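Reviewing the structure listed below.
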Amino acid sequence: MRAMLSVEEVAARIVAGERLLLAGDEDLLRQLPKGHWVGGTIPYFIGEKGGVMTREKMFANKLPPEVISFETRFYSESQLPNIVADEPNHGFSYLIIPAFTTVHQAFAENVQTYASIFDRPLVGWVAGVALDEIGKRTPKVVDGRTGQWAEDRAVCLHASLVDHVAAEVGIVNPFTQGNGDTLTVERAGFCFSEAFINGKRVNLADYIESHGIDCRLPLVANYSGAMVNVSIKVVDKVENLVRFYAPLFPNIDYRLALPVDDYEASFAREFGKICADPTLSMNCILNFVYGNLEGKRMGDFVGPVTFGEIAYGLLNQTLVYMVLRNT
Amino acid sequence: MVTADVSAGVFTEGPILMLPPKTHPKWKELVCGKLKVSFTLLATKFFVTRVTGRAKIDPSAENVERLIDEAFAFFKKNEKLAQKDIFAIFGQESK
């Protein structure tokens with residue numbers, strides 16, 4: 001079951017003992033009873049009727065019966081590297097991180113250095129708030145088992161699966177690398193004043209401005225065939241630097257993406273290749289805004305629209321999904 | 001340069017492919033980025049990017065050996081889901 005539900009409907013399911021992954025406005029989540037659920041704040045969704053911003057309903061994912069047990073745990077910035085050790089031997093881990101926090105930044109910059117991070121499926125999203133409430137309210141996560149909330153720690157649900165099923169995490173990226181300049185950086189980070197264009201050091205803000213770059217297009221890196229986006233947050237001409245929604249890494253070649261004319265059609269083309277019903281999926285707030293996804297359907301790929309998607313690492317402008325496959 | 005390719009898709013029917021021992025030369029080609037393969041599993045794509053990046057930074061024999069250990073452990077843990085990727089790397093030798 002993956003659906004947009006009212007507080008009353010979700011509360012009834014919690015009381016009935018259902019195991020739920022929830023996404024919704026903080027005011028809605030706070031009305032729920034304790035039970036077998038975790039959640040994060042966000043008021044944007046791709047629902048059954050298409051993209052929507054709402055504070056009336058929340059998105060509920062019922063854990064499938066193949067999940068035989070699960071544990072929940074909070075992680076501070078310093079505890080995050082322990083996440084790998086806590087992952088089940090056979091299952092998946094579902095992580096929600098509050099946006100604009102040090103735990104968000106630390107995860108994004110360091111997760112790829114965690115030993116064995118790619119050995120077991122890690123999927124999740126970055127909690128947020130309504131765009132007009134950024135700076136006024138804080139994104140939060142909650143462990144429904146204890147009723148404990150956090151705005152400075154991540155919450156993770158570690159789920160064990162039956163033996164004959166395995167979880168596979170995948171992405172659908174509407175963007176591909178363009179054929180333009182190659183951009184590289186010397187260190188990992190969300191913010192840069194200088195970068196290298198085709199090996200030559202430049203001021204990045206000047207480069208973007210002088211080349212008339214459309215900042216709605218992400219930089220795209222090719223990770224052995226996986227296209228990974230890093231979205232431009234702002235070109236700050238006062239401080240003369242560029243901020244991103246995810247880190248850039250050294251030793252990776254980035255190129256500006258080719259423009260996407262029709263996001264809905266681009267996603268639809270990729271969905272057909274997956275050949276499975278998604279157990280989980282989450283899409284990016286930037287796709288929602290730049291692609292005008294309000295009211296537009298995404299096939300079976302319903303779920304929260306987030307401030308960052310997690311498929312092992314932090315991604316931008318990407319749809320992340322998880323499917324269960326018989327092995 | 002060795003090349004191989006697999007079609008995108010889901011799980012492979014048939015017997016489980018076996019992982020060749022760490023002494024198989026394809027392991028070294030994989031971690032050193034000399035094996036140009038189209039991978040299917042997202043985890044494989046991310047993992048291979050990480051190990052080949054590390055081999056480029058430190059191509060010493062000790063480090064390459066460590067990375068082969070890491071690659072073997074990754075594919076062992078994902079042996080069932082990564083069948084297409086294992087076949088793409090080792091081909092008929094994994095049967």
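Order of the sequence lines fixes the chain letters, A, B, ..., with proteins taken first and strands second; residue numbering starts at 1 for each chain. The figures here come from the full heavy-atom set of this structure, side chains too, leaving out hydrogens, waters and symmetry mates. Not measured: the values here are computed from a predicted model.
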> When only pairs under 4.5 Å are counted, which of A:His90, A:Gln112, A:Arg120 shares the most heavy-atom pairs with chain B?
Replying inline: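 Heavy-atom pair counts peak at A:Gln112.
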Distance in Å, [X] [atom1] paired with [Y] [atom2], rounded so as to fall on 0.5 Å steps:
| X | Y | atom1 | atom2 | value |
| --- | --- | --- | --- | --- |
| B:Lys77 | A:Ser116 | NZ | OG | 4.5 Å |
| A:Asn251 | B:Thr52 | CG | OG1 | 10.0 Å |
| A:Met322 | B:Leu42 | CE | CG | 13.5 Å |
| A:Tyr312 | B:Phe46 | OH | CZ | 8.5 Å |
| A:Glu168 | B:Leu41 | CD | CG | 5.0 Å |

> So, do B:Thr44 and A:Phe118 sit near enough that their side-chain heavy atoms are less than 4.5 Å apart?
Replying inline: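 Heavy-atom side-chain distance check fails, nothing below 4.5 Å.
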> Quick one: are B:Thr49 and A:Ile252 in side-chain contact, heavy atoms under 4.5 Å?
Replying inline: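 SC-SC contact between B:Thr49 and A:Ile252 confirmed.
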> Just one of B:Arg50, B:Lys36, B:Lys45 clears the side-chain contact (heavy atoms from CB on, under 4.5 Å) bar with A:Ser224, so which one?
Replying inline: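 Exactly one option meets the side-chain contact (heavy atoms from CB on, under 4.5 Å) with A:Ser224, and it is B:Lys45.
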Please classify the contact of [X] with chain B as side chain, backbone, both or neither, using a heavy-atom distance under 4.5 Å.
| X | answer |
| --- | --- |
| A:Asp119 | both |
| A:Ala311 | both |
| A:Val323 | neither |
| A:Ile117 | both |

> Within a radius of less than 6.0 Å around CD of A:Gln79, do more than 12 heavy atoms belonging to other residues, nucleotides or ligands occur?
Replying inline: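 Enclosed.
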> Do other residues, nucleotides or ligands put more than 12 heavy atoms under 6.0 Å from the CG atom of A:Asn179?
Replying inline: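 No, because the 6.0 Å sphere around CG of A:Asn179 holds 12 heavy atoms or fewer from other groups.
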>> Give me the atom names and distance for the closest heavy-atom approach of B:Arg54 to A:Thr113.
In response: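 Smallest heavy-atom distance, with atoms named: NH2-CA, 3.9 Å.
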